[in-house]
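What follows is a single structure, written as structure tokens, with notes after it.
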Amino acid sequence: MTDYSWLVKNIYITALLPLLAFALIVFFLRWKEKLSAGFSISMILLSWLISVWTLIEVITNHGVAYETFYNFISLRGFNLEIGVLVDPLTAIMLVVVTTIGACVQIYSVGYMHGDPRFSRFFAYLSLFLFSMLGLVVANNFFMIFIFWELVGLTSYLLIGFWFEKKSAADACKKAFITTRIGDLGFLIGLFMLAFYAGTLNYGAVFDQVSAGMIPVGVLTAIGIFIFMGAVGKSAQFPLHVWLPDAMEGPTPVSALIHAATMVAAGVYLVARTMALFVGSAEASMVVAIIGVITSLIAATIALTQNDIKRVLAYSTVSQLGYMIMALGLYGYDTNLGHHSPGFYAGTFHLMTHAFFKGLLFLAAGSVIHAIHTNNIQEMGGLWKKLKFTAPAFCIASLSISGIFPLAGFWSKDEIVASASHHPVFLILTLAIAFMTAFYMWRLCFLTFFG
């Protein structure tokens, strides 16, 4: 039997390095700005190296999952565990989170230069990345919920970082309260799962679901309640209202939270618990319907926005709806015995979207930093002025528009394929794709060529 103990140790180290950076900045480096930024960046870069190594090992071992845990609390035979699960989904998400996190932290050195709370910003970023990495590597529902709430707390701190502005203070409270509504449903689902399954370990729960030991009606309710958590975190209808206001935080926060990590947590949760939705066609269809409604509403709103960050914010909501819809259709089709690429399409688009949307937000921050306005109607002709930012923004826009041969083409093509057996979903998916291309190029032309 292959010994994977070294791999698990690496996973623990990957998650704990940002926590170490947070602790050292708060207690020892808070008055030394360059040192605090340098240490925080070095820790996330080290996490990135370990994440890439982990991904290579998972590929080498053909995606074989490995899990280790120990009992944290035992109550009358019910165990709460602390542990990690290493599988292809974990490995991909580790690389996504650490890559985007490292890019955002390096970018923040220049963007936040001169801010009186410079070191605190890097401490918050490190704590956020620790929370997100802990959520990704968790092997049970108890542990993922703990890190889920910690992600909510750190996003509150980052969105309201410039709390002296009333708009920023209101935005962080709105985000915190709105996502708590979804988290209440998530918590109810976990209580139901613990009662009927007698465990919160992923593997044990999914084995019971596949064996038909949990009644279908109960499974449907559990799936919908757990999905409520994803609705809150990933800004799905009707809890999508917090995300556009959350643009009040510094632009690097927008890139980190709203493109690559926090909002992706809801999609990750659905993908991680896909076995629950495969066991209930009704819950899967609810997921798919909410996803396509969210995507359509957000795309139509993005068509009319004039704030560069709000266009990108509503675009994020729309693309998250795309992913959620694909995952829901996968669960629905698989339950009926049909082949669907939805799971692979949803998780693939989760990865590609993180990179091109992160690039869009960082480039938007560069534009705002240069001309000190968010209004695209006041921009124009910036192509010659911003010689690096403009091409980067346009390349990312081509990708999100689904233009061959960029990454967005391949992942969006898979999502369209996942809807091919459902005429209504297929028509709406194609319509949203055309709207995405329109509002992104409206944004590009008004900003760089108008």
Side-chain angles (χ1 to χ4, degrees), residues 1-22 39-70 81-106 125-141 143-144 146-148 150-151 201-203 206 256 259-262 264-265 267-275 323 343-344 346-355 358 407 411:
M1 181 178 177
T2 306
D3 181 18
Y4 292 101
S5 59
W6 61 271
L7 182 59
V8 173
K9 290 177 182 177
N10 286 345
I11 296 297
Y12 280 120
I13 293 171
T14 302
L16 291 174
L17 284 174
L19 180 63
L20 175 63
F22 167 76
F39 188 74
S40 181
I41 291 169
S42 63
M43 290 298 98
I44 193 61
L45 285 175
L46 188 54
S47 291
W48 175 79
L49 287 173
I50 299 172
S51 298
V52 172
W53 185 16
T54 301
L55 178 61
I56 293 170
E57 288 298 325
V58 169
I59 294 171
T60 303
N61 291 306
H62 307 290
V64 175
Y66 182 77
E67 176 184 11
T68 184
F69 60 89
Y70 66 90
E81 302 168 354
I82 298 292
V84 300
L85 173 65
V86 185
D87 68 354
L89 184 59
T90 302
I92 290 172
M93 284 300 296
L94 283 174
V95 172
V96 168
V97 173
T98 54
T99 303
I100 303 299
C103 291
V104 167
Q105 291 210 18
I106 294 169
L125 285 182
S126 296
L127 183 60
F128 178 88
L129 288 168
F130 162 69
S131 308
M132 194 65 206
L133 290 171
L135 184 153
V136 167
V137 303
N139 78 317
N140 63 82
F141 287 97
M143 192 171 162
I144 198 173
I146 298 298
F147 284 105
W148 188 269
L150 192 53
V151 166
N201 179 273
Y202 290 150
F206 299 156
L256 184 65
T261 52
M262 176 182 166
V267 182
Y268 172 78
L269 177 66
V270 176
R272 174 58 72 197
T273 59
M274 184 50 62
M323 303 171 208
F343 177 81
Y344 310 100
T347 51
F348 184 26
H349 196 54
L350 172 64
M351 180 183 70
T352 60
H353 175 264
F355 290 102
S411 57

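With hydrogens and angles disregarded, no donor-acceptor distance shorter than 3.5 Å links the side chain of Asn139 to the backbone of Glu67. Of the possible polar contacts, none joining the Thr99 side chain to the Val96 backbone as a donor-acceptor pair under 3.5 Å is found.
With rounding to the nearest 0.5 angstrom, the CZ atom of Arg272 is 7.5 Å from the CD1 atom of Ile144. Atom OG1 of residue Thr60 and atom CG of residue Leu55 lie 9.0 Å apart, to the nearest 0.5 angstrom. Rounding to the nearest 0.5 Å gives a distance of 5.5 Å between CG of Leu89 and CZ of Phe343. To the nearest 0.5 Å, atom CD of residue Glu81 and atom OH of residue Tyr202 are 11.0 Å apart. Between Met132 atom CE and Leu94 atom CG the span is 10.0 Å, to the nearest 0.5 Å. In this structure, Phe348 CZ and Ile92 CD1 are separated by 9.5 Å, a value rounded to the nearest 0.5 Å.
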Test side chain to side chain contact (heavy atoms under 4.5 Å, CB included) applied to Val52 and Leu49, step by step: CA-CA 5 Å; Val52 172; Leu49 287 173; 5.9 Å; no
Check against side chain to side chain contact (heavy atoms under 4.5 Å, CB included), Leu269 and Trp148: CA-CA 10 Å; Leu269 177 66; Trp148 188 269; 3.7 Å; yes
Derivation and outcome, side-chain hydrogen bond (donor to acceptor under 3.5 Å, both in side chains), residues Ser126 and Ser40: CA-CA 7 Å; Ser126 296; Ser40 181; 2.7 Å; yes
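The nearest pair of heavy atoms linking Leu350 to Met323 is CA-SD, 3.6 Å. Annotation for Tyr268 and Leu135: closest pair CD2-CD2, 3.6 Å, computed over non-hydrogen atoms. Looking at every heavy atom in both residues, Met93 comes nearest to Val136 through CB-CG1, 3.6 Å. Residues Leu150 and Ser131 share a closest heavy-atom pair of CG-OG, 3.0 Å. Taking all atoms of both residues into account, the shortest heavy-atom contact from Pro18 to Leu133 is CG-CD1, 3.9 Å. Of all heavy-atom pairs spanning Trp48 and Val95, the tightest one is CD1-O, 4.4 Å.
Counting heavy atoms from C-beta outward, Leu129 and Met43 have side chains that stay 4.5 Å or more apart. Between Phe141 and Thr273, the closest side-chain pair of non-hydrogen atoms falls below 4.5 Å. Looking at heavy atoms from C-beta onward, Val84 lies out of side-chain contact with Phe69 at the 4.5 angstrom threshold. Put simply, the side chain of Asp87 reaches to within 4.5 Å of the side chain of Thr90, judged on heavy atoms. In this structure, the side chains of Thr352 and His349 come closer than 4.5 Å at one or more pairs of heavy atoms.
More than 12 non-hydrogen atoms from other residues, nucleotides or ligands lie less than 6.0 angstrom from CZ of Phe206.
Defined by atom type and a distance below 3.5 Å, a donor-acceptor pair is missing between the side-chain atoms of Ser47 and Thr98.
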